[in-house]
Amino acid sequence: MTPPTARTWARRGRPPLIRVRGRSQRRISIAALACYKHGERTRLIYRPKRHVDHKRGGRRSFTWTDYRDLLIDAHQQLGAPIVLVWDNLNVHKDRRMRQFIDTHDWISCYFLPAYAPDLNPVEGIWSLLRRGSQANTAFIDPDHLMRTLRHGLRQIQYRSNLIDGCLAETSLTLTTPRPQRQ
């Protein structure tokens, strides 16, 4: 992973340089759910996954079963029905994923417009992660990257005001206003 850069200091006339040789062929994916419930603390539920067999033709991303397992775990942790607001990732719209959602009454699913990252609160989580724990870091190996990702996500997870800010940035609300009777 090419290290994300952020502001830092250096002597005048000598900009800081991070030399990265080559590109890593290893692959790490993260899926996250920003969980909002009116009157309760906001939660972040995430799952990182390291793809070790992608060089031999294996997947380089989450499968529909990985998302299914994340939803089941989230439902068990939250103990409440889940309303998904998803982007249009092809795995989210997979036929088997749709069948899973349709057969479980505790999941409702809505999709964002075709290209609307500004409406997706999880994009704000990724931005916080890149600008925070990952900024100006050259990772030694995949384990170092995984440790840093988990640490950064835990920091965000324990500060629910950051997750609330990601929702506020989208200008979406948790409840829709009810029409007034006249």
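Treat the numbers as computed from the prediction; the structure is a model and nothing was measured.
- In this structure, Leu71 CG and Leu33 CG are separated by 6.0 Å, a value rounded to the nearest 0.5 Å.
- Taking CD1 from Ile101 and CH2 from Trp64, the interatomic distance works out to 10.0 Å, rounded to the nearest 0.5 Å.
- Other members of a hydrophobic cluster containing Tyr158 are absent, since no ILVMFWY side chain comes under 4.5 Å of it, directly or through relayed contacts.
- To the nearest 0.5 Å, the span separating CG on Leu167 from SG on Cys35 amounts to 12.0 Å.
- The aromatic rings of Tyr67 and Phe62 sit tilted relative to each other, their planes meeting at an angle between 30° and 60°.
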Check residues 146-153 and write down every donor-acceptor pair under 3.5 Å in which the side-chain atom is one partner and the other belongs to a residue at least two apart or another chain.
from: Thr148; atom 1: OG1; to: His144; atom 2: O; distance (Å): 2.8
from: His151; atom 1: NE2; to: Gln155; atom 2: NE2; distance (Å): 3.3

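- Cluster partners of Tyr115: none. The rule joins Ile, Leu, Val, Met, Phe, Trp and Tyr whenever side-chain heavy atoms lie under 4.5 Å apart, and it links nothing here.
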Could you give the side-chain donor-acceptor pairs of residues 39-49 under 3.5 Å, partners two or more places apart or in another chain?
from: Thr42; atom 1: OG1; to: Asp164; atom 2: OD1; distance (Å): 2.2
from: Arg47; atom 1: NH2; to: Asp73; atom 2: OD2; distance (Å): 3.3
from: Lys49; atom 1: NZ; to: Asp66; atom 2: OD1; distance (Å): 3.4
from: Lys49; atom 1: NZ; to: Asp66; atom 2: OD2; distance (Å): 2.8

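- Annotation for Glu169: atom CD does not count as buried by contact number, only 12 or fewer foreign heavy atoms lying within 6.0 Å.
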For a quick test of your reading: what N or O donor-acceptor pairs under 3.5 Å do the side chains of residues 104-114 make, sequence neighbours left out?
from: His104; atom 1: ND1; to: Phe100; atom 2: O; distance (Å): 2.7

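- Closest of all the heavy-atom pairs between Ala34 and Ile163 is CB-CG2, 4.1 Å.
- With hydrogens and angles disregarded, a donor-acceptor distance shorter than 3.5 Å links the side chain of His75 to the backbone of Ala80.
- Summarising the geometry of Ala32 relative to Leu70, their closest heavy-atom pair is N-CD2, 4.5 Å, with the distance given to 0.1 Å.
- The two residues Thr170 and Pro121 have their closest heavy-atom pair at CG2-N, 3.8 Å.
- For residues 119-129, the pairs satisfying side-chain hydrogen bond (donor to acceptor under 3.5 Å, both in side chains) are Ser127-Arg131, with sequence neighbours left out.
- Taking CD from Gln134 and CG from Leu129, the interatomic distance works out to 4.5 Å, rounded to the nearest 0.5 Å.
- Distance check, rounded to the nearest 0.5 Å: SG of Cys166 to CG of Asn161 gives 10.0 Å.
- The closest side-chain heavy-atom distance from Asn88 to Lys93 is below 4.5 Å.
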**OP:** Could you walk me through whether Thr63 and Arg68 pass the side-chain contact (heavy atoms from CB on, under 4.5 Å) test, one step at a time?
**Re:** CA-CA 9 Å; Thr63 62; Arg68 178 199 63 198; over 6 Å; no
